[in-house]
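To start, the structure under review is shown below, and the notes come after it.
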Amino acid sequence: MPELPEVETICRELRKTIQGHTIIECEIFRPDYLRGGDSDQFIQSASGRRIESVDRRGKYIIWEIGVGRIVSHLGMTGKYIVQDESVKIPKHTVARFKFRDKSLLLNDVRRFGRLNLYLNGETISALESLGVEPFSENFDLKYISTIFKDRKRPVKELLLDQSIIAGIGNIYASEILYRAKIHPLSSGSHLSKAKLKRLIESTKNILELAVDNAGTTISDYRRVDEKTGNFQNLLKVYGKEGCSCEFCQNEIKKIVFGGRSAFFCSGCQKI
DNA sequence: CCAACGTCCTGCGTGC
DNA sequence: TGCACGCAGGACGTTG
């Protein structure tokens, strides 16, 4: 499931492969992937445009194409695949961008992702509602204590809220809380200043380490050259229920709330 | 404003 | 062997 480190890895690879290149033509195989957007207009507006830059905001990938921006979100299983030649198009490919010497495929088994083109001047509401970038200096104690002060919800749910911090998903939320020694069910408004400080530092540290390791491949995530990430080898709690904590040897437990699973150490992380 | 919940979607693992 | 079922979960719309 592409979260910030996976999306950042993909952006870096897209910069090397398609930034500065011109979209000769594009095809949309699944118009519903545009979520109500007009696929004919997409094709019309994107064709012939040079990709000026590739950027990330939260889990969104943004291509600047002069007349506007192409914005994609990979959802759960979305991936970009660079093809050197026009070989067979794999199942679940939703779109294809053709360049002079290669094609870029957008493939998404479960189609939770999305792809849209916004012309200059159009508001991109999905981006406007995003919270702070974890690596920015605005993500500090003042910001997080102001927001968490009135939030009684479990801290793990707050970490997953993209309008507070942009980019954290279910895997890194558990890893961040483990490193910060905070129980996932702890209420946001009840966290001490010391815990909030640890939460911020752990968020930055875990995400940076994961970017350095090209993200986490559990099942679907692949880089644009179809290689896996490496951070799955460094996970401490996610998917490790029943194992013992490498710090205190207590059992790693799995609980479900807010519709998703959380993993934590029953010894290190107390409410 | 905040929170809770249903919806979308396919592949895979499990149990009978 | 086949089939039903539950699970994985990011964003968003609806409801309270």
Side-chain angles (χ1 to χ4, degrees), chain A residues 1-8 10 28-37 56-62 71-81 89-95 105-116 118 123-131 133-134 144-177 184-191 207 210 215-222 228-229 232 235 237-242 254-263:
Chain A
M1 52 212 83
E3 307 179 29
L4 186 151
E6 291 74 33
V7 176
E8 178 63 29
I10 289 164
I28 307 289
F29 303 112
R30 297 293 307 216
D32 59 333
Y33 205 74
L34 274 55
R35 299 288 184 270
R56 178 191 61 73
R57 176 78 173 95
K59 301 174 197 171
Y60 290 86
I61 298 167
I62 304 159
V71 179
S72 56
H73 190 293
L74 299 175
M76 285 289 297
T77 53
K79 58 187 87 172
Y80 279 110
I81 305 166
I89 294 179
K91 198 179 175 185
H92 305 305
T93 298
V94 298
L105 308 181
L106 177 55
N107 187 284
D108 189 348
V109 172
R110 275 145 80 179
R111 304 206 301 278
F112 275 22
R114 57 205 62 225
L115 173 69
N116 284 104
Y118 300 89
T123 55
I124 310 177
S125 58
L127 298 183
E128 287 189 337
S129 60
L130 290 177
E133 277 293 320
I144 218 68
S145 56
T146 302
I147 291 186
F148 276 31
K149 141 173 90 64
D150 300 318
R151 303 293 200 104
K152 293 199 170 76
R153 299 170 68 203
V155 59
K156 176 168 176 281
E157 291 184 22
L158 298 178
L159 285 182
L160 292 174
D161 186 334
Q162 302 302 299
S163 71
I164 301 175
I165 308 167
I168 300 171
N170 208 43
I171 295 174
Y172 296 110
S174 282
E175 294 296 318
I176 287 165
L177 290 169
L185 283 173
S186 296
S187 165
S189 59
H190 290 132
L191 292 178
L207 294 178
T216 301
T217 299
I218 302 286
S219 57
D220 294 284
Y221 163 66
R222 292 292 185 280
T228 66
Q232 64 277 8
L235 295 174
V237 289
Y238 185 85
K240 300 204 178 289
E241 72 270 32
K254 170 183 172 174
I255 51 175
V256 177
F257 62 94
R260 31 201 75 136
S261 50
F263 301 86

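Across all strands, A:Lys254 comes closer than 4.0 Å only to sugar-phosphate atoms, never to a base (heavy-atom distances). Counting non-hydrogen atoms under 4.0 angstrom, A:Tyr172 reaches nothing in the nucleic acid. Contact annotation for A:Gln162: backbone-only contact, meaning every heavy-atom pair under 4.0 Å involves sugar-phosphate atoms and none involves a base. Among the atoms of the strands shown, base atoms are found under 4.0 Å from some heavy atom of A:Arg260. Within the 4.0 angstrom heavy-atom criterion, no nucleotide atom of any strand lies near A:Thr77. A:Tyr60 comes within 4.0 angstrom of sugar-phosphate atoms only, judged by non-hydrogen atoms across all strands, and of no base.
The 5' end of DNA chain C is approached more closely, in terms of each residue's nearest nucleotide, by A:Val256 than by the other of A:Val256 and A:Ile168.
Applying the salt bridge (charged side-chain N to carboxylate O under 4.0 Å, His left out) criterion to A:Arg56, with sequence neighbours excluded, gives A:Glu8, A:Glu133. Considering only residues two or more places apart in sequence or on other chains, A:Phe112 meets the side-chain contact (heavy atoms from CB on, under 4.5 Å) condition with A:Met76, A:Arg110. A:Ser129 meets the side-chain contact (heavy atoms from CB on, under 4.5 Å) test with no other residue; sequence neighbours excluded. Checked against side-chain contact (heavy atoms from CB on, under 4.5 Å), A:Pro5 has the following partners two or more places apart in sequence or in another chain: A:Glu3, A:Tyr172, A:Leu207, A:Ala210, A:Val211. Partners of A:His73 under the ring-ring contact (aromatic ring centres under 6.0 Å, His included) rule, at least two apart in sequence or in another chain, are A:Tyr60. Partners of A:Arg260 according to the salt bridge (charged side-chain N to carboxylate O under 4.0 Å, His left out) rule, which considers only residues two or more places apart in sequence or in another chain, do not exist here. Not counting sequence neighbours, A:Lys59 has no partner by the side chain to side chain donor-acceptor pair (under 3.5 Å) test. Listed by chain and residue number, A:Ile81, A:Asn107, A:Arg222 satisfy the side-chain contact (heavy atoms from CB on, under 4.5 Å) test with A:Lys79 (two or more places apart in sequence, or in another chain). Judged as a ring-ring contact (aromatic ring centres under 6.0 Å, His included), and not counting sequence neighbours, A:Tyr221 has no contacts.
Put simply, chain A comes within 4.0 Å of DNA chain C, heavy atom to any atom, from C:dA8 to C:dC12, going 5' to 3'. Bounding nucleotides for the chain A contact on DNA chain B, 5' to 3', at a heavy-atom distance below 4.0 Å, are B:dC2 to B:dG11.
Annotation: side chain of A:Pro184 is not in contact with side chain of A:Phe263 (no heavy-atom distance under 4.5 Å).
Taking the screw axis at each terminus of the helix from B:dC2-C:dG16 to B:dC16-C:dG2 from five consecutive base pairs, the angle between the two is 50° to within rounding of 10 degrees.
Within the 3.5 Å criterion, the main-chain N or O of A:Ile171 finds no donor-acceptor partner in the side chain of A:Ser174.
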